[in-house]
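Scroll down for the structure; my scribbles are underneath it.
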Amino acid sequence: MEIRQLRYFVTVAETRHFGQAAERLHMAQSPLSQAIRQLEAQVGATLFNRTTRRVDLTPAGEAFLRDAVRILDSVEAARERVQRIGDGHSGLLRVGCTGLAAYKQLPQLARIAARELPGLILRYVPDLLTPAQEEALAEDRIDLAVLRPPLRRAGLTSRPVARERLTLAVPAGHRLAGDEPVGLYELRDEDFVVYGARDSVVDAAVTQACLGAGFLPRRAHEVAETSVMLTLVAAGLGVALLPESALALRVDGVRYVPLADGAHGSAHGTVGAHGADGAPGAPHVDLALAWRADEVNPALARLVEVLEANGFVPPEPPAAPFAGRVPAHPGEAR
């Protein structure tokens with residue numbers, strides 16, 4: 001039994017006329033009649049009572065019609081599901097993210113995906129530092145990563161998402177716990193609570209910013225999680241520099257203080273690159289989306305497309321004309 005035979009049968013049952021059914025099916029009446037006879041032979045029952053004036057369903061035909069309609073509906077639903085998966089509107093994506101991104105960028109991503117791609121299922125794997133996310137991508141344990149560049153592993157590609165300034169977290173009773181921006185050089189005698197994980201991008205940015213201000217931060221306590229970091233700050237055990245997305249975390253006993261820009265932020269001039277607002281010397285860390293360079297999942301391509309359309313990901317700049325530069329190594333940071 002073939003799907004086309006079921007369609008022929010249902011069309012004849014709906015029109016109660018072989019000529020009209022053949023016209024709707026864009027075929028001649030003779031092969032349609034022959035196909036129905038073959039179907040009746042296959043099911044072992046007469047499905048239609050035929051007269052010169054009309055065609056009626058037999059009791060067996062009535063029962064068979066219900067099943068035929070259900071089968072055709074299921075086939076159509078399966079076709080639509082496959083098509084939606086093929087064009088990226090459905091499917092499953094495993095998304096890894098850094099701890100702080102879960103408080104700001106991840107909710108934005110989730111809202112856009114739910115609105116634009118309601119058939120897409122996102123499964124989140126939070127609290128992964130960048131090296132762990134790169135490893136998870138390479139081992140096919142996640143499909144998309146929200147991490148902090150630069151990428152260190154070959155075979156991955158990325159798109160920038162945001163540039164976050166560093167902010168200062170101090171105990172509520174600290175001498176710097178005011179509303180005025182703090183220069184980095186003012187922290188030279190402070191104990192620091194820092195991320196202790198090897199290859200932490202934030203930790204490297206903090207160290208570089210402090211070196212630019214003329215001192216090496218005194219690493220009094222090393223932690224693995226932001227929540228522990230803020231707990232130690234609240235206890236008066238040190239200060240911390242961390243991305244501004246941490247402002248979403250309110251912890252009793254912790255005050256957030258902005259860092260000053262440019263020459264006001266350092267006794268030795270500017271620190272780092274330009275900030276997101278163009279201010280010179282604003283120490284910062286970047287955030288990016290990353291995935292396997294050879295990824296073929298259409299759902300991932302579609303998600304990146306809608307994230308770009310909704311402003312979550314900046315438009316990809318056009319490729320620069322070749323100027324004789326040796327192509328970058330696949331693992332070179334973008």
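Worth knowing before you read on, the calculation uses all heavy atoms, side chains too, and leaves out hydrogens, waters and symmetry mates. Keep in mind that this is a model prediction, so the values were computed, not measured.
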Same apolar cluster (I L V M F W Y, side chains within < 4.5 Å links), [X]/[Y]:
X	Y	result
L147	L129	no
V201	L287	no
V206	L211	no

So how far is it from [X] [atom1] to [Y] [atom2], rounded to the nearest 0.5 Å?
X	Y	atom1	atom2	value
L307	R159	CG	CZ	9.5 Å
D189	E186	CG	CD	11.0 Å
R7	L72	CZ	CG	6.0 Å
I36	Q5	CD1	CD	8.0 Å
R292	L300	CZ	CG	8.5 Å
F48	L57	CZ	CG	5.0 Å

Does a sphere of radius 6.0 Å around [atom1] in [X] hold more than 12 heavy atoms from other residues, nucleotides or ligands, not counting ones at 6.0 Å or beyond?
X	atom1	result
E180	CD	no
E23	CD	no
D67	CG	yes
D140	CG	yes

Treating [X] as the side-chain partner and [Y] as the backbone partner, does any N or O pair qualify as donor plus acceptor under 3.5 Å?
X	Y	value
E225	S227	no
N310	F312	no
Q29	F18	no

pair [X]-[Y]: side-chain heavy atoms closer than 4.5 Å:
X	Y	result
P283	L184	yes
L176	V239	no
L230	L242	yes
H17	R24	no
E2	L39	no
Y103	S245	no
T98	V146	no
P171	V233	yes

Taking 4.0 angstrom as the limit, do [X] and [Y] come out as a salt bridge?
X	Y	value
E116	R302	no
R37	E40	no
R123	D143	no

- Message: Run the side-chain contact (heavy atoms from CB on, under 4.5 Å) test on H174 and R255 for me, step by step, so that the C-alpha distance in whole Å, both residues' side-chain angles and the decisive distance to 0.1 Å come before the verdict.
- Response: CA-CA 9 Å; H174 194 276; R255 287 289 303 275; over 6 Å; no
- Classify the angle between the aromatic ring planes of F192 and F215 as parallel (below 30°), tilted (30 to 60°) or perpendicular (above 60°). tilted
What are the two closest heavy atoms between [X] and [Y], and how far apart are they?
X	Y	answer
V10	A68	CG2-CB, 3.8 Å
A102	C97	CB-SG, 4.1 Å
Y195	S200	CB-OG, 3.7 Å
L65	A13	CD1-CB, 3.9 Å
P217	C210	CD-CB, 3.6 Å
E134	R152	OE1-N, 3.0 Å

- Message: side-chain contact (heavy atoms from CB on, under 4.5 Å) for L137 and L156? Distances and angles first, verdict last.
- Response: CA-CA 8 Å; L137 283 172; L156 304 180; 3.9 Å; yes
- Item | Chi angles and distances behind the side-chain contact (heavy atoms from CB on, under 4.5 Å) call for R148, L100 | CA-CA 11 Å; R148 300 196 184 279; L100 285 177; 4.2 Å; yes
- Task: Evaluate the criterion side-chain contact (heavy atoms from CB on, under 4.5 Å) for residue pair E244 and Y256; output intermediate values, then yes/no.
- Result: CA-CA 9 Å; E244 61 186 353; Y256 294 107; over 6 Å; no
